[in-house]
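As the structure is a computational prediction, the values presented were derived from the model and not from experiment.
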Amino acid sequence: MIVYIAEKPDIATAIASYLWNDYAQCRNKHCYQKCDVIVTWAFGHIMMTAMPEAYGKEYADFANYPIFPTRWKKLPSPSTKDQFEYIRSILKKTDIVVNGGDPDREGQLLIDEILDFVGYQGEVRRILINAKDTDSMRRAFDNIVPNEEFRSLYQAGMARERADWLVGINLSRAYTASARKCGGG
């Protein structure tokens, strides 16, 4: 089975419409499917970095900082858990995944982190869709490459995400602690 995972539903629709003339009849709640090809989607960030409490009960208190995880934890976002569970279930019987995230570090991260989280071990390819018109889609399909060629984009996306988390969580706590010392909230 081949599974295309798009970053968002409109790109999944573009992929499905490129693959099949009757794509609209191939749609269900979580995907488009015809024979042994599935086109599904994330909703942007389907995974999220765990909140501070996941790294220790002491971090439930805002006064405890800084927080520098030695082992980062990811989990499915509650708002997209149903779609995540569907993707997880089909990956168990998938031979080839085609990463259809946007052609940037964020798009690479959004799909690769799902594959990493579920421990997918099959072949992964990468399609770079820059536009949804027929010529652009043809170019994208003619140039599918091994996903591994974009590992550095994934790592860059993960570095940005972790830096945002570290700064956001720790500064929020520092400002809150400072405000409390001065009589605020």
Looking at side-chain heavy atoms only, is the closest gap between Asn147 and Gln108 below 4.5 Å?
yes
Could you tell me which non-hydrogen atom of Ala140 sits nearest to which non-hydrogen atom of Leu128, and how far apart they are?
CB-O, 3.3 Å
Locate the shortest heavy-atom distance separating Ala50 from Trp165; write the atom from each residue and the value.
O-NE1, 3.2 Å
Give the intermediate values and the outcome of side-chain contact (heavy atoms from CB on, under 4.5 Å) for residues Val118 and Phe84.
CA-CA 10 Å; Val118 303; Phe84 169 79; 3.8 Å; yes
Let me check something: do Trp41 and Leu115 share a hydrophobic cluster, defined by ILVMFWY side-chain heavy atoms less than 4.5 Å apart, either directly or through other members?
no
Would you say the rings of Trp20 and Tyr4 are close, in the sense that their centroids are separated by under 6.0 Å?
no
Heavy-atom closest pair (Pro78 atom, Met48 atom, distance to 0.1 Å) is CD-SD, 3.8 Å
Path from Tyr120 to Leu110 over hydrophobic side-chain contacts below 4.5 Å
no
Does one hydrophobic cluster hold both Ile38 and Leu91, with members joined at side-chain heavy-atom distances below 4.5 Å?
yes
Would you kindly confirm whether Ile46 and Tyr32 end up in one hydrophobic cluster when ILVMFWY residues are joined by side chain heavy atoms under 4.5 Å apart?
no
Charged tip of Lys34 within 45° of Tyr23 ring normal and under 6.0 Å:
no
Out of curiosity, Met1 CE to Lys92 NZ, how far, rounded to the nearest 0.5 Å?
12.5 Å
Would a 4.5 Å heavy-atom cut-off, applied to side chains only, mark Arg138 and Tyr18 as touching?
yes
Nearest-0.5 Å distance, CG of residue Asn28 to CD of residue Gln33:
7.0 Å
For the side chain of Tyr55 and the backbone of Lys73, is there at least one donor-acceptor N/O pair under 3.5 Å apart?
yes
Could you check whether atom OH of Tyr175 has more than 12 heavy atoms from other residues, nucleotides or ligands sitting under 6.0 Å from it?
no
What verdict does the side-chain contact (heavy atoms from CB on, under 4.5 Å) test give for Phe141 and Ile127, after you've listed the backbone C-alpha separation in whole Å, the side-chain angles of each residue and the deciding distance to 0.1 Å?
CA-CA 7 Å; Phe141 273 87; Ile127 187 169; 3.7 Å; yes
Quick check: do Val124 and Glu148 have side-chain heavy atoms less than 4.5 Å from each other?
no
At what distance, to the nearest 0.5 angstrom, does CG of Asn64 lie from CZ of Arg173?
7.0 Å
Do the side chain of Thr40 and the main chain of His30 share a donor and acceptor less than 3.5 angstrom apart?
yes
Between Ser172 and Gly168 (side chain of the first, backbone of the second, donor and acceptor by atom type, cut-off under 3.5 Å), is there such a pair?
yes
Closest non-hydrogen contact found for Ile15 with Ala6 is CD1-CB, 4.3 Å
Under 6.0 Å from the CD atom of Gln121, do we count more than 12 heavy atoms belonging to anything else shown?
no
For Pro146 versus Phe150, what's the shortest heavy-atom pair and its separation?
O-CD1, 4.1 Å
Any donor and acceptor pair, going by atom type alone, linking the side chain of Glu7 with main-chain N or O of Ile111 inside 3.5 Å?
no
Checking Asn170 side chain against Ile67 main chain: does a donor-acceptor pair fall under 3.5 Å?
yes
When rounded to the nearest 0.5 angstrom, what distance separates CD1 in Ile129 from CE in Met137?
4.0 Å
Does any part of the side chain of Leu166, heavy atoms only, come nearer than 4.5 Å to the side chain of Pro69, both counted from C-beta?
yes
Does the side chain of Glu113 reach to within under 4.5 Å of the side chain of Phe117, using non-hydrogen atoms?
no
Verify same cluster id: Ile2, Tyr86 (apolar side-chain graph, 4.5 Å)
no
Check for a donor-acceptor pair, side chain of Asp61 on one end and backbone N or O of Ala63 on the other, with a separation under 3.5 Å.
yes
To the closest 0.5 Å, what do you measure between CZ (Arg105) and CD (Glu161)?
10.5 Å
Approximate separation, where rounding is to 0.5 Å, of Lys74 NZ and Ile114 CD1:
10.0 Å
Non-hydrogen side-chain atoms of Met47 and Pro76 separated by less than 4.5 Å
yes
Decide side chain to side chain donor-acceptor pair (under 3.5 Å) for Arg139 and Ser136; before the verdict, give the C-alpha distance in whole Å, the side-chain angles of both, and the deciding distance to 0.1 Å.
CA-CA 5 Å; Arg139 275 193 302 279; Ser136 296; 3.3 Å; yes
Can you give me the closest heavy-atom contact between Asn99 and Gly107, atom names plus distance?
OD1-O, 4.1 Å
Counting C-beta onward and ignoring hydrogens, is there a side-chain heavy-atom pair between Arg125 and Ile96 closer than 4.5 Å?
yes
